[in-house]
2 protein chains.
Amino acid sequence: MFMDNSACKRVDKNQIEKLTIPPPETITRMSAIFQALQSSARLNILFLLKDRDMCVCELSEALEASQSAISHNLRVLRQLDLVRVRKEGRFAVYYIADEHVRLLIEMCRQHIIEEYR
Amino acid sequence: MFMDNSACKRVDKNQIEKLTIPPPETITRMSAIFQALQSSARLNILFLLKDRDMCVCELSEALEASQSAISHNLRVLRQLDLVRVRKEGRFAVYYIADEHVRLLIEMCRQHIIEEYR
DNA sequence: CATATATATGAAGGATTGATCATATGTTCA
DNA sequence: TGAACATATGATCAATCCTTCATATATATG
């Protein structure tokens, strides 16, 4: 019943010391990106932007969400460089930052699709 | 100052109706997967498993985390089929579920790496 | 069989998150 | 210039998440 925190029998200390994980900064950054992608609202935004650059009010219309909510969510995505903005007059037109973002999302969808076969 | 929720001038109702996003089930599922990947602890686990199948106590050792925490985190990953288990005697040996999971993580890391160039 | 080892899991509590509300900033146009 | 339009953002609060603690289950071994 009592459990100290000594190594289990399967552990090979030497081998374990050889294992490398990315530096904390990388893990933190990845964590933040996945954290951003974890929201349904933000995923929907990304799926729309995947097909066409859109301004805030278009996204707001298309997703039937408040301007404020969309704007807050776009900021999260923007701060992680998942989307970018350009100004067109009074409109802020958002678009997917790069190919990695598309692939990231596509890879996740693939994983799900394959589950149901 | 006053804002009703009517369409902005950039919106083309016809075009917006043509836009398609994945069904809610897919979005929910993707959301859950990204939610699982959003934890530093779980990302570290996945990076270790990427190189070698490992049991709970090995992971616990390698990451200097409690058995309970590791176990809880593995359950989250398992329930989303991001990792799988096989029993080896009294050990539960965990491994990455499939290639998509590897690519998903790799794609995210790539995105970060490219930012710093 | 009894004990040590390995893992799983429910409950609880503090920390974190996200939508909403209110308001500020910036742009266009009459 | 002033009014309407488009977007951004701070504050707040309910909901959610993650770790720890306590304990249960399952296997191995003497």
Looking for any heavy atom pair under 4.0 Å, which part of the strands does [X] touch: base, sugar-phosphate only, or nothing?
X: B:Ala41; result: sugar-phosphate
X: A:Glu88; result: nothing
X: B:Glu58; result: nothing

Is a side-chain donor or acceptor of [X] paired with a backbone partner of [Y] at a separation under 3.5 angstrom?
X: B:Ser31; Y: A:Ser39; answer: no
X: B:Thr28; Y: B:Pro24; answer: yes
X: B:Arg109; Y: A:Met30; answer: no
X: A:His111; Y: B:Asp81; answer: yes

Can you tell me if [X] touches the phosphate of [N], counting only side-chain N or O atoms and a distance under 4.0 Å to OP1 or OP2?
X: A:Arg42; N: C:dG18; result: yes
X: A:Ser68; N: C:dT20; result: no
X: B:Tyr94; N: C:dA8; result: yes
X: A:Arg75; N: D:dG10; result: yes
X: B:Gln67; N: D:dT20; result: no
X: B:Gln38; N: D:dC18; result: yes
X: B:Arg78; N: C:dA8; result: yes

From the options [options], select the nucleotide whose nearest atom is closest to the side chain of [X].
X: A:Asn73; options: D:dT7, C:dA19, C:dT17; answer: C:dA19
X: A:Cys57; options: C:dA8, D:dT27, D:dT7; answer: D:dT7
X: A:Gln35; options: D:dT7, C:dT17, D:dT27; answer: C:dT17
X: B:Ser66; options: D:dT20, D:dT19, D:dT7; answer: D:dT20

Going by centres under 5.5 angstrom and planes under 30 degrees, do the aromatic ring of B:His72 and the base ring of D:dC18 stack? no
Whole angstrom value for the distance that separates [atom2] of [N] from [atom1] of [X]:
X: A:Leu59; N: D:dA6; atom1: CG; atom2: C1'; value: 13 Å
X: B:Gln79; N: D:dC18; atom1: CD; atom2: P; value: 12 Å
X: B:Met54; N: C:dA6; atom1: CE; atom2: P; value: 14 Å
X: B:Leu43; N: D:dC18; atom1: CG; atom2: P; value: 11 Å
X: B:Ile70; N: C:dT9; atom1: CD1; atom2: C1'; value: 15 Å
X: A:Arg90; N: D:dA3; atom1: CZ; atom2: P; value: 16 Å
X: A:Leu74; N: C:dG18; atom1: CG; atom2: P; value: 14 Å
X: B:Phe91; N: C:dA4; atom1: CZ; atom2: C1'; value: 12 Å

5' priority, DNA chain D, between B:Ala36 and A:Val93 [closest heavy atom]: A:Val93
Would you please say whether a donor-acceptor pair under 3.5 Å links the side chains of A:Arg86 and A:Tyr95? no
Go nucleotide by nucleotide along DNA chain C from the 5' end; which of A:Arg10 and A:Gly89 gets its closest nucleotide reached first? A:Arg10
Answer with yes or no whether A:Ser71 presents, from its side chain, a donor or acceptor under 3.5 Å of a partner atom in the base of D:dT9. no
Among B:Leu43, B:Leu49, B:Leu48, exactly one meets side chain to side chain contact (heavy atoms under 4.5 Å, CB included) together with B:Ile45. Which residue is that? B:Leu49
